Amino acid sequence: MTNNKYVLDWINEMAELTQPDSIVWIDGSEEQTEALRAEACRKGEMIKLNEELLPGCYLHRTAVNDVARVEGRTFICTRKKEDAGNINNWMDPKECYATLTELFRGSMKGGPMYVIPYSMGVVGSDFAKIGIELTDSLYVVLNMLIMTRAGKTVIDALGDSPDFVKGLHARAELDEKKRYICHFPEDNTIWSVNSGYGGNVLLGKKCFALRIASWLGRLEGWMAEHMLILGVEYPNGEIKYVTAAFPSACGKTNLAMLIPPEIYRKQGYKVWCVGDDIAWLRIGKDGRLWAVNPENGFFGVAPGTNEHSNPNALAATRKDTIFTNVCHNLDNNTVWWEGLDNNPPHNALNWRGEKWDYTKYDKADKVGTSGAHPNSRFTAPAKNCPCVSSEFDSLTGVPVSAIVFGGRRAKTAPLVYQSTSWQNGAFVGSIMASETTAAAAGAVGVVRRDPMAMRPFVGYDMGDYFGHWLEMGKRIPNPPKIFHVNWFRTDADGNFIWPGYGDNMRVLLWILARCEDKVGAEITPIGYVPHAEDINVEGLDGVTVDTVRELLSVDRESWLEDCKNIRDFYAQIGERVPAEMYEELKALEERLQK
Ligand code: OXD
Ligand code: MN
């Protein structure tokens, strides 16, 4: 497919190491893709679902020990340890290549090596970057064909250039003790071995579009962020764009595809989805910040997705979708997950492929008793989404009015607040915290600091990353305003107070009104908080202005407690945390103590 010497030499070298029987180039044609789907079914890697009810859809199960990203096995391999920083796991590149070379050796024997040329971003746009993934997994090929723009057009666009990210993946023995997800930002290289779970093996996504891209962004003066991108359309047709960073499985996909409450729909408000997970941000010629979504599909969390929480996501999964680790309804050969509806299938296999008894479901042991794994996923083409933005394929992206940070916090963080400047906003992002979810292996529900929702995804030192945010702020003549939200505050009984989902529109409209100086706010020690009356509660059941007042309250004691934790976390990041962040922290403490 190409004469590019850099590409061919590298593929030959990797093939000599992994020893596949053949090399199969992925051209992106429907003909080849359909043949590969059929082959995946023949080999038992995928199950074809009911063609009438779920046309073009498939089910895949990963190994039971391989169901989430493995942060403990994810490494940034820079020559100097300090460039990877204290928050990342680090390995010396030479040592890492040597260890992984032995794991890759002969790992593709007996089967083909697939070569997937892919572009993150629209081919031909200034934002786009090219990668090539070599893999032994058909599941990876078929997912990459949904999640990225892949195939011949990409290799043609690369031409003779050496400028591509080299990704090597092999499932090998799926041995979790020998599982490694390794990034070599100085070599534009990613090696992933012994996993088959999306976040570890779809190398265009977290590995390239966040970890390697964040490194490139720092070098080249742009940003790669764990952010959704949405457009709010006003009744007059004007559209304002917002990006929002929430940690994994905290509702980015739901917010990105939000359906406004009826009172707004009637007036003509709409929300358009540009992206649900990753944003690449560049300074435009007009001095504003512009965003693109480098992906081409959604790799969304299935459980909890339903007609109420996210009808747009659900619609996106009704055709040409790959489901991973969901429950298989044997009666009609469709899929099911907890929170889809109240009718669990009676004749079904669970995510492990075992006969499933829905009456044994125990909320306290989801992994053991649920039909679908808590981190089960759908891989759906973005084009399937009824609210996909007309700017989805734009070469220049969309101009960003507001950046929103958010976490899952039962207490402390109010429903929404606004930072007082770009520097203060970067500080607000740096002190984000959230309760952990099933998207990563490990305990669920523990509060951990997750700066800008990028803790698992920054490809270099976290202190330097904060520094890059501050630098960018100095260079954007007309920067977006920066906010923080928390949809997850609970009452004394542990129930969520704010209805969330579509009603988050009410908060988005306050945010956008602030961006245009159309609404006032109260200044508090943490920043600008809405006057409770300015969050519209019309049409909400059981939520009054008083509820909103409670949701907006700032408890000085718990904030001061949080500040101690932030100080410890900054110390853990180490000496590259910029002085400006410590100044912001000190000023916050002083305001809270006043
Ligand atoms: C994801 C994640 O899959 O953040 O998007 O884990
Ligand atoms: Mn994510």
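Remember, it's 1-based here, ligands and their atoms both numbered in the order they're listed. Counting from 1, the numbers follow the sequence of the chain as shown. Note that the structure is a prediction, hence the values are computed from the model and not measured.
- Only one option out of Thr317, Asn312, Asp276 pairs with Cys385 in a side chain to side chain contact (heavy atoms under 4.5 Å, CB included); it is Asn312.
- Classified by interplanar angle (parallel below 30°, tilted 30° to 60°, perpendicular above 60°), the ring pair Tyr180/Phe75 is tilted.
- Between Phe208 and Trp280, the angle of the ring planes lies from 30° to 60°, which puts this pair in the tilted group.
- For the Mn ion (ligand 2), the tally of protein N/O/S atoms lying closer than 2.8 Å stands at 3.
- Judged purely by distance below 3.5 Å, without hydrogens or angles, the side chains of His226 and Lys252 pair a donor atom with an acceptor atom.
- Contact residues of ligand 1 (protein heavy atom closer than 4.0 angstrom to a ligand atom; sorted by chain and number): Arg69, Lys205, Lys206, His226, Ser248, Asp277, Phe299, Arg377, Ala439, Phe457.
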Apply salt bridge (Lys or Arg N to Asp or Glu O under 4.0 Å) to the pair Asp66 and Arg61, showing each step before the final yes or no.
CA-CA 10 Å; Asp66 191 22; Arg61 295 190 195 102; over 6 Å; no
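- Of the listed residues (Tyr417, Trp498, Phe246), just one forms a side chain to side chain contact (heavy atoms under 4.5 Å, CB included) with Val485, and that residue is Phe246.
- Figure legend: cation-pi geometry between Arg282 and Trp290 absent, as NZ or CZ is not positioned both under 6.0 Å from the six-membered ring centre and within 45° of its axis.
- Ring geometry for Phe378 against Trp337 counts as tilted: the plane angle lies between 30° and 60°, on a 0 to 90° scale.
- Side chains of Tyr197 and Asn375: a donor-acceptor N/O pair is present below 3.5 angstrom, by distance only.
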